[in-house]
Structures are given as C-alpha cells and as structure tokens.
Q: 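Submitted below is the structure of interest, expressed as structure tokens.
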Amino acid sequence: DTEWSEITHGNRLAVMKDFYSALPLDRNDIPKMIVNPVTGGDYMRSLMNAKNRKIDAVIYAAMGGSINSKDGATSFTLPSGQKIAHGSAGMTKSKIIQARSIFRANECDEENGEELFIMYNDKALQTILADTTLTSSDWMAVQMLQSGKVAQNWMGFTWIPYQGLTFSASTYYAYAWAKSGVHFGKGYEEGNVTRRGDKKDLYQVSMAASYGAGRQDESKIVEIAFQ
C-alpha cells in the first residue's frame with residue numbers, strides 16, 4: 001500500500017480595507033482650461049496615485065502585522081528571528097547581507113525560485129549612497145550617484161522606494177520579502193465621473209476600491225530596523 005507523506009496546510013484571513021476619494025470640478029471652470037482635467041488632465045491621475053499609495057500601505061501593514069487563521073483559532077506574528085535590530089545604525093551593508101542570509105537559511109531565495117524585494121526610503125537612500133563600501137564599483141557608483149537612487153536590482157534584491165515606513169522612537173522599519181510571502185487581492189475597483197445636481201451641477205471625479213493583503217509565510221519576510 002502507498003504511504004502518503006504529510007504536508008502542512010493552512011488558510012489565513014486577510015481583511016479588506018475600503019478606499020474612497022473624490023475631487024470636485026466646477027463646470028464653469030472647464031472651458032477656461034487648456035486641457036479638460038477629467039478626460040485629459042490630472043484629476044483621475046491624482047486619484048489613481050492615491051489608490052496606488054493605499055495599495056502600498058495595505059501591503060506594508062500586512063508584512064509586519066499579525067494575521068489570523070481563517071477559523072480565528074491561531075494568530076501568526078513575525079518571529080524575532082526574522083527581525084534585524086536597528087543597532088543605532090542606518091541601512092548598513094551588514095544589515096542588507098544579514099537579510100540576504102536569512103532568506104538563504106530559510107531556503108526562500110532565487111535558488112528556490114523566489115524573487116526577492118526590499119524597500120527603502122529617503123533616510124536609507126542617504127546612508128547607502130554615502131557608504132563607499134556599498135558603491136565601491138566604479139560603474140555602480142556612477143549609475144547610482146548620477147540617478148540619485150538605488151539600482152533597481154542590487155545585492156540580490158529588487159529595490160522598491162516607499163516613503164510610508166513606520167517611524168517610531170527614532171527608528172524606521174523596512175521589509176525585505178520574497179514575492180510569494182505576501183498575498184494581495186481586491187474586492188472591487190471603480191473610477192467614476194458624475195454630475196452632482198445637489199452641488200450646482202458640478203462634476204465629481206471619484207475612485208473607490210477595496211483591498212486586502214496577508215502574510216502567507218513568516219520565513220519569507222524580514223523586518224529591517226534602522227535609524
């Protein structure tokens with residue numbers, strides 16, 4: 001008879017968060033503008049940018065927050081072994097290497113078919129560009145210093161700029177993650193342009209959506225604290 005192996009299964013509950021934003025546009029102003037701000041301008045683009053910032057915030061919160069099993073019986077948190085302390089230092093080379101080694105130890109890197117990402121903000125950017133040990137290669141130094149940003153693919157990570165990092169007690173909290181470590185979904189997403197009869201027939205440009213994200217596997221997320 002065949003002896004079956006066992007595999008761990010689990011469902012986690014990612015709670016949706018709603019998003020809504022609207023901008024008014026007086027119909028008397030449209031003829032005065034060179035470009036129609038609704039059909040060819042920045043109104044809807046502004047709302048799309050706000051929507052994207054909301055998505056970033058939802059995913060960021062999911063990386064470090066607690067998440068429950070679908071039945072609510074178990075709560076999962078990011079263990080201390082997946083956290084790199086600030087050590088009264090910035091986003092240093094040693095922290096980036098430590099994060100990389102954690103993924104290797106967990107067998108959650110490119111050797112196992114994963115794609116790795118890491119986020120940074122302006123404070124981390126200052127530290128990285130000022131550290132000659134991180135930009136010692138002539139080509140790398142020229143590319144990064146000329147563009148004023150971190151190379152997109154560097155040290156095994158795809159670098160993602162994000163200014164919404166949690167800042168508490170003089171410490172920022174960034175995350176490195178494997179692509180399959182966090183799941184994202186949306187309930188609905190809709191942009192709309194309507195006329196408001198109750199507001200002197202002005203136009204209202206709006207964007208509404210519902211998003212949710214959840215950490216799927218703690219071994220695929222690394223928290224990096226820095227000052």
Side-chain angles (χ1 to χ4, degrees), residues 17 49-50 52-67 75-106 108-110 114-182 184 211 213-227:
K17 296 186 182 298
N49 290 339
N52 291 334
R53 288 192 295 271
K54 180 66 174 180
I55 291 174
D56 291 342
V58 167
I59 295 174
Y60 176 81
M63 289 186 182
S66 60
I67 184 171
S75 179
F76 302 92
T77 59
L78 198 63
S80 59
Q82 297 294 118
K83 297 181 179 182
I84 299 174
H86 63 74
S88 300
M91 180 71 86
T92 60
K93 180 179 181 178
S94 62
K95 290 180 182 179
I96 300 170
I97 293 174
Q98 185 178 353
R100 196 74 174 78
S101 66
I102 290 174
F103 286 112
R104 176 78 295 269
N106 293 342
C108 296
D109 58 9
E110 72 285 350
E114 291 284 358
E115 186 177 357
L116 301 181
F117 298 84
I118 190 170
M119 62 182 67
Y120 70 96
N121 65 356
D122 62 307
K123 184 70 174 179
L125 178 66
Q126 292 176 31
T127 303
I128 291 169
L129 293 183
D131 188 343
T132 56
T133 67
L134 289 173
T135 58
S136 57
S137 168
D138 290 341
W139 182 87
M140 183 67 74
V142 169
Q143 293 296 313
M144 292 172 65
L145 294 176
Q146 282 185 349
S147 65
K149 63 182 181 181
V150 180
Q152 187 175 17
N153 295 293
W154 182 53
M155 293 190 72
F157 293 105
T158 297
W159 290 73
I160 307 295
Y162 180 57
Q163 286 300 122
L165 302 186
T166 296
F167 182 65
S168 177
S170 302
T171 303
Y172 291 97
Y173 295 88
Y175 294 97
W177 70 99
K179 188 173 184 178
S180 66
V182 179
F184 170 79
Y211 302 118
R215 189 178 57 249
Q216 183 270 337
D217 188 341
E218 282 68 42
S219 67
K220 297 180 179 181
I221 308 290
V222 175
E223 179 186 274
I224 306 172
F226 63 94
Q227 294 184 336

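Atom set for the values below is all heavy atoms of this structure, side chains included, hydrogens, waters and symmetry mates excluded.
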Q: Would you say that Phe157 contacts Ile96 through its side chain, given a criterion of any heavy-atom pair below 4.5 Å between the two side chains?
A: yes
Q: Which heavy atom in Ala62 sits nearest to a heavy atom in Val182, and how many Å separate them?
A: CB-CG1, 4.5 Å
Q: Please check if the side chain of Arg104 supplies one atom and the backbone of Asp109 the other of a donor-acceptor pair under 3.5 Å.
A: no
Q: So do the side chains of Ile221 and Trp177 get within less than 4.5 Å of each other, counting heavy atoms only?
A: yes
Q: CG/Leu125 to CD/Gln163 distance, rounded to the nearest 0.5 angstrom?
A: 9.0 Å
Q: Do the side chains of Trp154 and Ile128 get nearer than 4.5 Å, heavy atoms only?
A: yes
Q: My understanding is that only residues two or more places apart in sequence, or in another chain, count here; which of them pass side chain to side chain donor-acceptor pair (under 3.5 Å) with Ser180?
A: Glu114, Lys220
Q: Between Trp159 (side chain) and Tyr120 (backbone), is there a donor-acceptor pair under 3.5 Å?
A: no
Q: Let's go through Arg100 and Glu110 carefully: what are the C-alpha distance in whole Å and the side-chain angles of both, what is the deciding distance for salt bridge (Lys or Arg N to Asp or Glu O under 4.0 Å) to 0.1 Å, and is it a yes or a no?
A: CA-CA 11 Å; Arg100 196 74 174 78; Glu110 72 285 350; 2.8 Å; yes
Q: State whether the side chain of Glu115 and the backbone N or O of Lys179 hold a donor-acceptor pair below 3.5 Å, judged by distance alone.
A: no
Q: What's the shortest heavy-atom distance between Gln98 and Ser101, and which atoms?
A: O-OG, 2.7 Å
Q: So which atom in Cys108 and which in Leu116 form the shortest heavy-atom distance, rounded to 0.1 Å?
A: O-CD2, 3.4 Å
Q: With a 4.5 Å heavy-atom cut-off, do Ile84 and Ile102 have their side chains touching?
A: yes
Q: Distance check, rounded to the nearest 0.5 Å: Gln82 atom CD versus Arg215 atom CZ?
A: 9.5 Å
Q: Using 0.5 Å steps for rounding, measure from the CD atom of Glu218 to the CD atom of Glu223.
A: 12.5 Å
Q: Quick one: does any side-chain atom of Lys83 pair with a main-chain N or O of Ala225 as donor and acceptor, under 3.5 Å?
A: no
Q: Would a 4.5 Å heavy-atom cut-off, applied to side chains only, mark Asn121 and Phe167 as touching?
A: no
Q: Look at the rings of Tyr60 and Tyr162 and say which category their plane angle falls in: under 30° parallel, 30 to 60° tilted, over 60° perpendicular.
A: tilted
Q: Drop me the distance from Ile59's CD1 to Phe184's CZ, to the nearest 0.5 angstrom.
A: 5.5 Å
Q: Please name the pair of heavy atoms, one in Ser219 and one in Asn106, separated by the smallest distance, quoted to 0.1 Å.
A: O-ND2, 3.0 Å
Q: Do Met155 and Ile97 have side-chain heavy atoms sitting under 4.5 Å apart?
A: yes
Q: Is it the case that atom NZ in Lys123 sees more than 12 heavy atoms from other parts of the structure closer than 6.0 Å?
A: no
Q: Can you name the closest pair of heavy atoms from Phe226 and Ala174 and give their distance?
A: CE2-CB, 3.9 Å
Q: Just by distance, do the side chain of Lys95 and the backbone of Ala89 share a donor-acceptor pair under 3.5 Å?
A: yes
Q: We want to know whether Ser94 and Thr92 form a side-chain donor-acceptor pair, criterion being a heavy-atom distance below 3.5 angstrom.
A: yes
Q: Measure across Ala176 and Ile224 and return the closest heavy-atom pair with its distance rounded to 0.1 Å.
A: CB-CD1, 4.4 Å
